[in-house]
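Here is the structure we will look at, set down as structure tokens.
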Amino acid sequence: YGARMQRATAPPADRVLLRAIETTSYRVSGRSGATAAARDGYRALQEMDAAERDRLGRNEPTVYNQIGTSLFYGGFTAEALDCFRRSTAVSDTKGLFAGLQGLALAAGTLAVAGEIEDAREVIEEALSRAWPDRWIDGYPGSFLQLARGFSALEDGDPDAADAAIRILDPHRATIEHWPLLTHVDVLIALARGRVGAAHALLSNALRTQQARHATSELTLSRLRHTRALVLLAAGDAAGAERVVTKEKEPVRRGVSLGRIALAAGDVEGAVRVLQASAGMAASPRIETEHLALTVGALALAGADLDGARRMLGRSEERRVGKECRSRWS
């Protein structure tokens with residue numbers, strides 16, 4: 001409230017700092033105003049000249065980190081990554097440590113989005129740096145461990161993924177990124193074939209955070225597809241579908257409904273729901289899942305084998321292309 005009241009008359013650097021305070025407060029309390037405050041702060045940072053940004057002093061990389069984190073959770077991945085790059089660049093120039101958190105945040109953001117090769121490049125860079133005590137295994141490095149977990153799962157190694165995520169156990173009760181960490185916990189359990197454990201992990205996390213009043217509709221929405229995966233793995237396709245139909249984002253909803261239809265043996269229904277969301281913008285991870293499910297559905301239906309083969313070719317081209325280049329650098 002104080003930040004909101006003061007920023008109207010404050011000079012540019014102070015306004016940005018107040019916006020960073022505001023977006024962080026909204027985000028950690030699960031309120032929807034975090035994204036709007038972050039977008040306004042991001043625009044202000046772009047409009048400021050170098051002298052005005054210098055007035056932020058040692059706060060500059062932290063401002064980028066906090067505004068970028070809110071942008072990430074608001075779905076503005078490209079802008080978030082820009083913030084994290086700037087955080088690291090400013091810190092390297094000024095000899096500050098906050099840019100290490102920018103590296104960690106970049107790695108996690110790339111991994112969540114499905115840009116695994118880029119994420120691995122940033123992970124390697126982050127691990128090559130000297131970190132202050134308790135940073136790399138605490139809140140500042142939490143997205144780095146999250147990225148390592150996703151990377152290991154992509155390699156089919158749930159044990160390595162679990163080892164990375166367990167590093168954060170001392171902080172799990174209070175860390176704001178608990179929904180993403182819980183999602184990885186569930187994926188690890190499912191990869192090990194432990195459906196009951198996956199259900200218990202999700203239920204316990206929700207119960208603990210609700211007791212702390214740390215859940216919101218936004219948080220529950222993030223875990224909606226996690227819960228649907230658990231229900232589907234347990235054989236409750238109808239329950240999974242009831243959960244997913246509340247999702248507003250069309251491609252993500254289509255991916256989950258397509259997966260449910262395939263698991264239930266409704267190949268025609270899977271084709272129908274996946275084609276309804278084909279071509280819509282989504283993250284690389286969701287696009288790849290959509291493509292894989294569509295290929296499987298078309299192949300099982302036997303209706304468009306040539307189309308399925310073309311999609312397989314597109315998937316391979318995307319994989320090879322990502323191995324040959326990196327958008328992070």
Side-chain angles (χ1 to χ4, degrees), residues 1-57 59-91 98-99 101-115 118 139-140 142-143 146 176-177 179-180 214 216-222 247-252 280-286 327-328:
Y1 175 80
R4 192 166 63 247
M5 292 299 99
Q6 293 292 328
R7 63 178 164 78
T9 57
D14 290 351
R15 280 205 305 274
V16 166
L17 186 59
L18 291 167
R19 269 309 203 187
I21 293 169
E22 191 176 350
T23 189
T24 305
S25 300
Y26 279 134
R27 188 182 72 246
V28 298
S29 61
R31 298 178 65 185
S32 59
T35 302
R39 294 188 72 189
D40 186 62
Y42 180 68
R43 283 192 297 268
L45 280 166
Q46 290 180 307
E47 293 168 0
M48 290 166 64
D49 59 30
E52 289 174 326
R53 283 194 295 272
D54 279 343
R55 288 195 66 244
L56 290 168
N59 293 312
E60 186 177 358
T62 301
V63 166
Y64 279 123
N65 289 340
Q66 293 301 330
I67 287 176
T69 301
S70 293
L71 289 171
F72 162 76
Y73 278 118
F76 295 91
T77 302
E79 292 84 352
L81 286 170
D82 181 54
C83 283
F84 303 146
R85 289 187 185 98
R86 291 174 184 271
S87 167
T88 303
V90 168
S91 292
Q101 185 176 359
L103 273 177
L105 288 163
T109 297
L110 289 164
V112 170
E115 302 282 11
D118 288 355
Y139 177 76
S142 56
F143 257 42
L146 179 73
E176 67 173 294
H177 307 308
L180 288 170
S216 64
E217 177 53 37
L218 183 61
T219 298
L220 298 176
S221 175
R222 291 178 191 138
E247 173 63 48
K248 296 179 181 179
E249 201 282 307
V251 184
R252 198 171 187 192
M280 297 183 183
S283 73
R285 181 177 298 281
I286 300 301
R327 284 194 286 186
W328 169 254

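Pairs passing the salt bridge (Lys or Arg N to Asp or Glu O under 4.0 Å) check and including a residue from residues 60-69, sequence neighbours excluded, read Glu60-Lys94.
Here the CZ-CD distance, from Arg19 to Gln66, works out to 15.0 Å after rounding to the nearest 0.5 Å. Distance check, rounded to the nearest 0.5 Å: OG of Ser283 to CZ of Arg252 gives 8.0 Å. Here the CD-CZ distance, from Gln46 to Arg86, works out to 6.5 Å after rounding to the nearest 0.5 Å. If you take CD on Gln101 and OG on Ser91, they are separated by 9.5 Å, rounding to the nearest 0.5 Å. In this structure, Asp82 CG and Leu71 CG are separated by 9.5 Å, a value rounded to the nearest 0.5 Å. Atom CG of residue Leu105 and atom SG of residue Cys83 lie 10.0 Å apart, to the nearest 0.5 angstrom.
Ala20 pairs by the side chain to side chain contact (heavy atoms under 4.5 Å, CB included) definition with Val63, Ile67, not counting sequence neighbours.
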Derivation and outcome, side-chain contact (heavy atoms from CB on, under 4.5 Å), residues His177 and Thr69
CA-CA 10 Å; His177 307 308; Thr69 301; 4.1 Å; yes

Glu52 and Arg55: CA distance, side-chain angles, deciding distance, salt bridge (charged side-chain N to carboxylate O under 4.0 Å, His left out) verdict
CA-CA 5 Å; Glu52 289 174 326; Arg55 288 195 66 244; over 6 Å; no

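Looking at Thr109, its side chain never comes within 3.5 Å of a backbone N or O of Ala106 through a donor-acceptor pair.
Closest approach of Leu146 to Val112, counting heavy atoms only: CD2-CG2, 3.9 Å. Across Pro61 and Ser87, no two heavy atoms sit closer than the pair O-OG, 3.4 Å. For the residue pair Thr88 and Gly102, the shortest heavy atom distance occurs at OG1-C, 3.8 Å. Residue Thr62 comes nearest to Ala98 through the heavy atom pair OG1-CB, 3.7 Å, listed as atom of the first residue, atom of the second, then distance. Closest heavy-atom contact between Thr35 and Ser70: OG1-O, 4.2 Å. Heavy-atom minimum distance, Met48 versus Ala13: CE-CA, 3.8 Å.
Arg39 CZ: 12 or fewer foreign heavy atoms inside a 6.0 Å radius.
Ring centers of Phe72 and Phe143: under 6.0 Å apart, within the cut-off.
Side chains of Arg27 and Thr24 form a contact here, defined as non-hydrogen atoms less than 4.5 Å apart. Between Tyr64 and Leu56 there is no side-chain heavy-atom pair separated by less than 4.5 Å.
Ion pairing between Asp40 and Arg43 holds under the 4.0 Å rule for side-chain N and carboxylate O.
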